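All values below come from the heavy atoms of this structure, side chains included, with hydrogens, waters and symmetry mates left out. Computed from a predicted structure; not experimentally measured. First listed ligand is number 1; within each ligand, the first listed atom is number 1.
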Amino acid sequence: MELPTEVELVREVERLQDELSRREREAAGKERQLERYAADLRETFKEERARTQQLTRSYAATVRALSNAVEARDAYTGRHAERVAAYGIEIGRVLGMDGLDRPEIEFGFLLHDIGKVAVPDAILYKPGRLTGEERALMARHPEVGAEILAGIEFLADAAKVVRCHHERWDGTGYPDGLAGEEIPLVARVFAVADVIDALTTDRPYRLGLPLDEARAMISQASGAHFDPDVVAAFESITDERLRQIGREA
Ligand SMILES: [Fe+2]
């Protein structure tokens, strides 16, 4: 076999060097292109996140406006829905409930009584006892509320609380007479949060109960009105924390 001459060897080395630098240029070009893609993606992601946050804020503002509209009719309850939402979220946290970071859970708490818009003032504000027919109409507010929210995708979870917020653990609630874990957890949490606030706030016809009396009543209804696990979670929250939540909401 004939060995290459020195000139041929030098040419071959030069050719290889050219090839190498060509490939390096190509690689550098590709790397720059990839960096541009990455920067574009980061930018798009940032914009998308800002849009999502803005949308979530708009949703939350809309839900709050709706909730305030419902509460404006029921003047004496003040910021009942907001406080119930805050108590409910705290109980959910103790229970390790999934999805607490999503606003949908709070939306359900805030809108629980939205169906009352269909209850005439004469019944809503009637000072005396309601007749059977009036009670039946009043008792329709969970279903009416769920119907109002039906078809609003971002309120699908909220609609569960709205429909089930008067169900009771022992199956004696309404509208569906669900019992135990048939009742969505979020509605079982709501039930306790609702009663904490109802018992501890002043009404025109009575003062709010001291916290220890309200606690005793809730503990007593564990396993009947309320899910025992939810009551246990509530019991583990300190008085100080409950007062703080009540004040902040
Ligand atoms: Fe209600």
Side-chain angles (χ1 to χ4, degrees), residues 63-89 91-92 104-127 129-150 152 155-179 182-206 208 214 217-218 221 224-227 230-231 234 246 249:
V63 168
R64 258 169 232 289
L66 269 176
S67 151
N68 288 340
V70 176
E71 296 228 309
R73 273 184 87 206
D74 217 352
Y76 65 79
T77 59
R79 301 168 74 81
H80 171 66
E82 304 240 358
R83 287 190 306 266
V84 170
Y87 290 133
I89 284 166
I91 295 172
E104 285 84 345
I105 294 201
E106 192 185 3
F107 292 169
F109 289 144
L110 289 173
L111 296 174
H112 65 278
D113 267 343
I114 190 166
K116 283 194 180 166
V117 295
V119 179
D121 286 359
I123 297 177
L124 201 61
Y125 302 127
K126 187 171 174 180
R129 274 178 72 85
L130 299 180
T131 66
E133 203 178 319
E134 288 166 342
R135 250 200 314 278
L137 204 91
M138 185 77 148
R140 287 213 62 232
H141 77 271
E143 287 163 274
V144 172
E147 278 162 28
I148 290 173
L149 302 188
I152 307 176
L155 292 177
D157 281 340
K160 287 187 202 156
V161 182
V162 173
R163 181 165 185 106
C164 301
H165 76 278
H166 284 291
E167 297 290 357
R168 295 167 60 119
W169 181 254
D170 61 8
T172 61
Y174 61 95
D176 301 308
L178 302 179
E182 288 174 342
I183 308 165
L185 177 60
V186 62
R188 285 179 262 148
V189 168
F190 171 87
V192 173
D194 184 38
V195 171
I196 302 167
D197 190 60
L199 290 177
T200 56
T201 48
D202 295 344
R203 297 291 161 94
Y205 45 90
R206 63 149 174 79
M217 287 175 79
I218 289 169
H225 187 164
F226 306 122
D227 175 349
V230 176
V231 173
F234 163 66

Under the criterion side chain to side chain donor-acceptor pair (under 3.5 Å), which of His112, His166, Lys116 is the partner of His141? His166
Considering only NZ, NE, NH1 and NH2 on the basic side and carboxylate oxygens on the acidic side, decide whether Arg163 and Asp176 come within less than 4.0 Å. yes
Main chain of Ala249, side chain of Arg83: is a donor-acceptor contact present, judged purely on distance under 3.5 Å? no
Donor-acceptor pair, Glu167 side chain versus Cys164 backbone, under 3.5 Å? no
If you count every protein N, O or S atom closer than 2.8 Å to the Fe ion (ligand 1), you should arrive at 4
Check: Ala81 main-chain N/O paired with Glu71 side-chain donor or acceptor under 3.5 Å: yes
Whether the Asp113 and His165 side chains hold a donor-acceptor pair (N or O, under 3.5 Å, no angle test) is what I'd like checked. yes
